[in-house]
**Q** 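Take a look at the following structure, please.
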Amino acid sequence: TMADKAYLVLEDGSVFEGEAFGAPADAFGEVVFNTSMTGYQEVLTDPSYAGQIVVLTYPLVGNYGINAEDFESRRIQVAALVVREHSTTPSHGSSTSTLSEFLASQGIPGISGVDTRAITRRLRNRGVMTGILGHEAPEAALARMGELPRYGEQDFVRRVSTEAPYRWDSQPPARTGGQPAGAPEARYRVLVTDCGLKYNILRLLRARGCEVLAVPVHTSAEEIMAQRPDGLLLSPGPGDPALLDYVVNTARQVAVRVPTLGICLGHQVVARAFGGKTFKLKFGHRGANHPVKDTATGRVHITAQNHGYAVDPDSLPAALEVSHINLNDNTVEGLRHRELPIITIQYHSEASPGPRDNEYIFDQFMAMIKVGPWLGPGAGREVA
């Protein structure tokens, strides 16, 4: 049978006709593009993409299928997927399903056979836009676009955060103890606020001898300090940091007492906790090939990125210095507190998908933890 016709309709009125795959459903969201050549499974399961329709610029997607290892959260997080071409016969020894079957199993629609380059150019020129992916007439979709909630007005973090704290010992996260084979003895306790974290953050901390506890985003500063953490990691996540005063207030209280690493949204939260401001980028940074310069060393790192907002450097207090800048557009890519053990990065040191060049940030975080107690009660103590 002929594949079902589907349409991607953007708010500027442009229409892209293609073939439906995945689930026979409709979806709407902010349409964004990602320039990674591989890693579609990690992109699909990255909670930072909640509420977004993702356009992959690489033309052939799905050729190595879906496997049991490369999940970055417990489910697909994107609203829908847009590709030029998807493989129905993946070739990989650990593949358990096709891309289309994976999307269908979780009710997520896709569209293929569209000109992803044309969509990407439109988003670069106009900026990201709301879109509807569906089967209805494009005119009808465009007519109801105005009634849809705007991406920037919704708190997606509360939707993707864990409902209960959990320890990371294995994947998927086990709610009980038991140490994975080959994991080093846990000597330090690190709490990770789940704003929409990726599992690889937890894997990398566990591999560095940490007892890792992921906590819901609404966990209070008192509850965090009661766990006597040696370090706090503020995780990546979706949406506008300006909606997250409840996280910012917690970070303001904990970061001055415990060595802290902020990644992506966590970096923006730290900036706001100290009085900085954020703004929305025209089309964001999403992909595996973004050059970032370390201002201290002059070294350029190729980074994995996924964010639509950035920190305004002119709004930063004197206590925070810019540690990294983006060489494509000179936006802020990292901060360092001049006195406290607080570092942040706007990109994804945990990669997934790659490159993995920036895992050294986790070593810097561990070095801050190992220096020992800070101002907080119990900070710096080894796990009993």
Side-chain angles (χ1 to χ4, degrees), residues 4 6-12 14-36 39-57 61-62 66 71-84 86 99-112 114 116 119-120 122-123 126-136 138 140-142 144-161 195-196 198 236-240 243 265 280 283-284 286-287 306-309:
D4 275 353
Y7 301 97
L8 174 65
V9 182
L10 302 182
E11 67 181 84
D12 68 352
S14 55
V15 178
F16 299 89
E17 181 183 323
E19 295 174 357
F21 73 107
D26 291 0
F28 73 92
E30 182 178 72
V31 184
V32 301
F33 63 88
N34 181 301
T35 58
S36 293
Y40 51 83
Q41 182 174 337
E42 295 94 328
V43 167
L44 289 171
T45 56
D46 179 348
S48 292
Y49 286 112
Q52 294 179 322
I53 295 174
V54 177
V55 180
L56 296 179
T57 61
V61 183
I66 299 293
F71 288 95
E72 286 302 319
S73 70
R74 61 189 181 277
R75 59 185 166 88
I76 298 176
Q77 304 281 357
V78 307
L81 182 66
V82 181
V83 300
R84 179 78 188 87
H86 71 98
L99 175 61
S100 186
E101 288 164 350
F102 181 50
L103 291 171
S105 73
Q106 298 193 28
I108 306 296
I111 184 172
S112 68
V114 292
T116 48
I119 299 170
T120 300
R122 193 165 282 266
L123 296 177
R126 269 288 308 260
V128 291
M129 291 179 264
T130 301
I132 294 179
L133 194 161
H135 300 76
E136 65 185 323
L142 198 57
R144 74 186 173 92
M145 194 93 69
E147 301 156 23
L148 299 173
R150 303 294 295 179
Y151 174 81
E153 294 162 6
Q154 301 173 77
D155 181 357
F156 291 101
V157 167
R158 280 189 189 272
R159 296 189 206 174
V160 299
S161 183
C195 300
K198 284 153 65 189
D240 187 346
L243 303 176
L265 182 69
K280 189 171 174 73
F283 48 81
R286 297 176 183 87
N306 171 18
H307 61 102
Y309 295 81

**Q** Walk me through whether Phe16 and Val82 qualify under side-chain contact (heavy atoms from CB on, under 4.5 Å).
**A** CA-CA 10 Å; Phe16 299 89; Val82 181; over 6 Å; no
**Q** Please evaluate residues Leu8 and Val114 with respect to the criterion side-chain contact (heavy atoms from CB on, under 4.5 Å), reporting the C-alpha separation (whole Å), side-chain torsions for both, the decisive distance (0.1 Å), and the verdict.
**A** CA-CA 9 Å; Leu8 174 65; Val114 292; 5.6 Å; no
**Q** Minimum heavy-atom separation for Gly51 and Phe156, please, with both atom names.
**A** CA-CE2, 3.6 Å
**Q** Would the distance check show the side chain of Tyr151 and the main-chain N or O of Gly239 forming a donor-acceptor pair, the cut-off being under 3.5 Å?
**A** yes
**Q** Show your working on side-chain contact (heavy atoms from CB on, under 4.5 Å) between Thr45 and Glu72 and close with a plain yes or no.
**A** CA-CA 5 Å; Thr45 56; Glu72 286 302 319; 3.6 Å; yes
**Q** Quick check against the 3.5 Å criterion: does Thr57 have a side-chain atom that pairs as donor or acceptor with the backbone of Asn34?
**A** yes
**Q** Side-chain contact, heavy-atom cut-off 4.5 Å: Leu81 with Leu56?
**A** yes
**Q** How far apart are the closest heavy atoms of Ala80 and Leu133, and which atoms are they?
**A** CB-CD1, 3.8 Å
**Q** When rounded to the nearest 0.5 angstrom, what distance separates SG in Cys195 from CG in Leu265?
**A** 5.5 Å
**Q** Would you name the heavy atoms of Ser100 and Gly22 that are closest together and state the gap between them?
**A** OG-N, 2.9 Å
**Q** For Phe71 and Phe102, take the angle between the two ring planes, folded into 0 to 90°, and tell me which bin it lands in: parallel under 30, tilted 30 to 60, perpendicular over 60.
**A** perpendicular
**Q** Run the numbers on Thr120 and Phe283 for side-chain contact (heavy atoms from CB on, under 4.5 Å), then give the verdict.
**A** CA-CA 10 Å; Thr120 300; Phe283 48 81; over 6 Å; no
**Q** Checking ring-ring contact (aromatic ring centres under 6.0 Å, His included) for the pair Tyr49/Tyr40: CA distance, chi angles, key distance, verdict?
**A** CA-CA 12 Å; Tyr49 286 112; Tyr40 51 83; over 10 Å; no
**Q** Would you say Ser161's side chain and Arg158's backbone share a donor-acceptor pair under 3.5 angstrom?
**A** no
**Q** Closer than 3.5 angstrom, by distance alone: can the side chain of Glu11 be matched with the main-chain N or O of Thr130 as a donor-acceptor pair?
**A** yes
**Q** Identify the two heavy atoms, one from Gln106 and one from Ile76, that lie closest to each other, and give their separation to 0.1 Å.
**A** OE1-N, 2.8 Å
**Q** Starting at CG of Asp240, measure out to CD of Gln154 and round the result to the nearest 0.5 Å.
**A** 11.5 Å
**Q** Please name the pair of heavy atoms, one in Val9 and one in Ala141, separated by the smallest distance, quoted to 0.1 Å.
**A** CG2-CB, 4.1 Å
**Q** Do the side chains of Val43 and Asn306 get nearer than 4.5 Å, heavy atoms only?
**A** no
**Q** I need the minimum non-hydrogen distance between Met129 and Leu10, along with the two atoms involved.
**A** CE-CD1, 3.8 Å
